[in-house]
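Everything below concerns the one structure shown next.
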Amino acid sequence: MKEKITGSKALMRALQAEGVKTIFGYPGGAIMPVYDALFDYTRGEKKCFDHILVRHEQAATHAAEGYARVSGEVGVALVTSGPGATNTMTGVADAMMDSTPMVVIAGQVPISSLGTDAFQEVDLVGVAQPISKWSYQIRRAEDISWAVSRAFFIARSGRPGPVVLDFARNAQVEEVEWEPKKVDFVRSYVPYPQLDDEAVRQAAELINNAKRPLALVGQGVELAGAQEELKAFLEKADIPAGRTMLGLSALPSNHPLNVGMLGMHGNYAVNLKEQECDVLIAIGMRFSDRVTGNVKYYARQAKIIHLDIDRSEIDKNVKTDVAVVADCKESLPAIMSLLNENKHQEWRESFRELDKKEHIKVIEPAIHPTSGPLLMGEVVNAVAEQAPDDTVLVTDVGQNQLFATRYFKYHHKRSICTSGGLGTMGYGMPAAIGATFATDRTVCCFMGDGGFQMCIEELGTIMEQQCPVKMILLNNNYLGNVRQWQDMFWLRRKSFTKMMNPRYELIARGYGIAYEAVTERQNLHAAIERMFSTPGPYILEAAIKEEDDVLPMTPPGMNVDEMMLEI
């Protein structure tokens, strides 16, 4: 006779079967049976999970995202029903936009109470369905093993993404004969499309005949674990490569074929050269509007090859000449095997004059100013110079994100966590917490004063767990990115972007977190050195010039080759 256990214990065993090690969560009434079962699995001989108590349910999802981004595993968040569940929806939407594998398990009222407006009842499946890969309500204990296995299979396979499980309370307490299930097939779901040999041949032919090829590298390379395949592909055909914000660590910063970051605030040369290349190879990226600018005039001169695992991305934003729909860990070697050894020295040299122009007009003044207040670029550059090579960069959203991603250095894979598609302020600190549980590498988190205050309660999680996050607070007393747009496009009418800030030193002291403020340029290097030499969490607050602007910039609605180097 099979063993009978409660649904809550069945969930524990199902998570254990999926290799889960870390859970980020916040308890409540509708998930209490699960938390009672979890008690035994987080201590003693049965211990197999670490549970990290966050201070807000949204933070549970961002922490799970950070964990997933750095580890490559599925992040897990566990919350209660009603507001606990709805608080996770920003993180679910964020994970969906950025293809982050995550499973959110939320409590729900008993099935007998559904539709009665019971306390903390919400139609979670209905809310989550448009912004998740799959959402499902577990109504019976006997469905737990199957549902959990299916959730993890969908979350991690193909183009990864978030899955939401709505766990009715009756299913948590019912008894069930435990039987493990393994789901590795879902009808009508094809996570790994079959590689089309003809598309591979056509792509290789275009690349072999190209005089001015340009690759655009996205996060799909990281998700596929295809970093080495990418380098071999680029090196064989001598193809310069730009990287999207989420794909920055897919190719090392110092690789000779790396020509910079794409996008609205990316590097000057690569953005202009998108309008000059004759073959454009998009690899694991989705042609975001922040990359293409005015899509009507984007790369009209080029033949476009799009490598992506998700067929729905093909021709969605940019018309493709050749589509290779497959995991790029498979498609890159297949195309490379048909490529000729090539050299495009003259084409690659043509980037240098534009790089030099950007360096003189933008980069050098941003990272090596000689007078005035501290600038965001110089703080990021100074931190990058002292950070270990394998440091993980985490950012919040806004100017801090744009400066940090531009001026940090990437030497290892899976080295960046940032909210790309959704642009979620308050993402940074909890994502950094998650990253510390995924790796022993140094984690640096850059935040502005606006984003810091959106997740300030998570200092409690950092305090309790002693997460060794090095937090760099770039404080300019503004919602800086909005302020920049107001100055540029709204007649300098700074409508509600000026911020009154608290004394962060007192806040850090209250949480028992090491803190230092730096206001003078001559003190910056030593302050950063102290931050890295101090064990555990650390807040370094830098007083930044209030009207520091991110450049270059392609104004919204403009073509990528109309990028501005100055305002």
Side-chain angles (χ1 to χ4, degrees), residues 261 264-268 358-387 393 395-408 418 425 428 444-454 470-505 508 515-529 531 539-555 563-567:
M261 185 170 83
M264 178 180 278
H265 292 287
N267 292 107
Y268 190 58
E358 180 186 358
H359 192 85
I360 293 169
K361 281 186 166 289
V362 176
I363 297 175
E364 188 61 24
I367 65 175
H368 294 132
T370 56
S371 62
L374 288 168
L375 301 180
M376 288 194 189
E378 75 171 306
V379 174
V380 173
N381 184 67
V383 172
E385 285 180 343
Q386 293 195 47
L393 170 69
T395 83
D396 207 83
V397 167
Q399 287 184 318
N400 66 91
Q401 175 188 40
L402 303 170
F403 277 110
T405 51
R406 274 182 59 83
Y407 293 117
F408 214 74
T418 192
M425 288 181 68
C444 282
C445 180
F446 287 87
M447 294 172 281
D449 41 313
F452 187 95
Q453 291 184 78
M454 280 198 178
K470 307 306 180 186
M471 293 168 274
I472 302 94
L473 171 57
L474 303 173
N475 187 356
N476 59 6
N477 299 301
Y478 268 104
L479 298 175
N481 210 39
V482 183
R483 190 274 311 154
Q484 178 173 337
W485 281 50
Q486 287 173 337
D487 281 352
M488 293 178 67
F489 310 121
W490 296 93
L491 304 176
R492 304 187 67 84
R493 288 159 58 89
K494 297 180 179 65
S495 181
F496 300 102
T497 45
K498 181 77 171 177
M499 295 193 76
M500 178 181 287
N501 281 308
R503 291 178 60 186
Y504 293 108
E505 178 185 7
Y515 167 92
E516 182 172 356
V518 58
T519 59
E520 302 297 331
R521 183 161 288 113
Q522 62 267 26
N523 300 328
L524 180 60
H525 180 88
I528 294 169
E529 189 172 41
M531 176 181 72
I539 298 173
L540 178 63
E541 180 184 357
I544 301 298
K545 177 183 177 183
E546 287 195 345
E547 298 190 356
D548 192 5
D549 292 323
V550 187
L551 289 168
M553 180 178 185
T554 303
M563 188 171 230
M564 300 163 53
L565 289 175
E566 55 191 354
I567 297 175

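Just so it is clear, the structure is predicted and the values come from calculations on it, not from any experiment.
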Are R492 and E547 close enough for a salt bridge, meaning some N to O gap below 4.0 Å? yes
Distance, nearest 0.5 Å, that separates [atom1] of [X] from [atom2] of [Y]:
X	Y	atom1	atom2	value
D449	M454	CG	CE	11.0 Å
T519	E541	OG1	CD	10.0 Å
N381	Q386	CG	CD	10.5 Å
E546	T497	CD	OG1	10.5 Å
L474	L374	CG	CG	9.5 Å

Can you check side-chain hydrogen bond (donor to acceptor under 3.5 Å, both in side chains) on Y504 and Q453, steps first, answer last? CA-CA 10 Å; Y504 293 108; Q453 291 184 78; 3.1 Å; yes
With distance as the sole test, does [X] use its side chain to make a donor-acceptor pair with the main-chain N or O of [Y] at under 3.5 Å?
X	Y	result
H265	L551	no
E364	H359	no
Q486	S495	yes
R406	M261	no

Would you call [X] and [Y] a side-chain contact if the rule is heavy atoms closer than 4.5 Å?
X	Y	answer
L540	M471	no
M447	T395	no
N501	N475	yes
P555	M264	no
V383	C444	yes
C445	K470	no
L479	R483	no
E516	M531	no

Quick one, I363 with Y407, criterion side chain to side chain contact (heavy atoms under 4.5 Å, CB included). Give me CA distance, side-chain angles, the key distance, then yes/no. CA-CA 9 Å; I363 297 175; Y407 293 117; 3.9 Å; yes
If you compare all heavy atoms of [X] against all heavy atoms of [Y], which two are closest, and at what distance to 0.1 Å?
X	Y	answer
A542	V379	CB-CG2, 4.1 Å
P369	R521	CG-NH2, 3.4 Å
L524	E378	CD2-O, 4.1 Å

Sequence neighbours excluded and cut-off under 3.5 Å, please list the side-chain donor-acceptor pairs for residues 396-404, or say none.
residue	atom	partner	partner atom	Å
D396	OD1	G426	N	3.1
D396	OD1	Y427	N	3.2
D396	OD1	G428	N	2.9
D396	OD2	G426	N	3.1
Q399	OE1	N476	ND2	3.4
Q399	NE2	Q484	OE1	3.0
Q399	NE2	D548	O	2.8
N400	OD1	D396	N	3.3
N400	ND2	V397	O	3.3
Q401	NE2	T418	OG1	2.8
Q401	NE2	S419	O	3.0

Is it true that atom CZ of F489 has more than 12 heavy atoms of other residues, nucleotides or ligands lying nearer than 6.0 Å? yes
Donor-acceptor pair between H525 and E385 side chains, under 3.5 angstrom: no
T554 vs M564, side chain to side chain contact (heavy atoms under 4.5 Å, CB included): CA-CA, chis, key distance, verdict: CA-CA 6 Å; T554 303; M564 300 163 53; over 6 Å; no
Residues two or more places apart in sequence or in another chain: which of them pass ring-ring contact (aromatic ring centres under 6.0 Å, His included) with Y515? none
For E520, give me all partners under side-chain contact (heavy atoms from CB on, under 4.5 Å), at least two apart in sequence or on another chain. Q522, N523
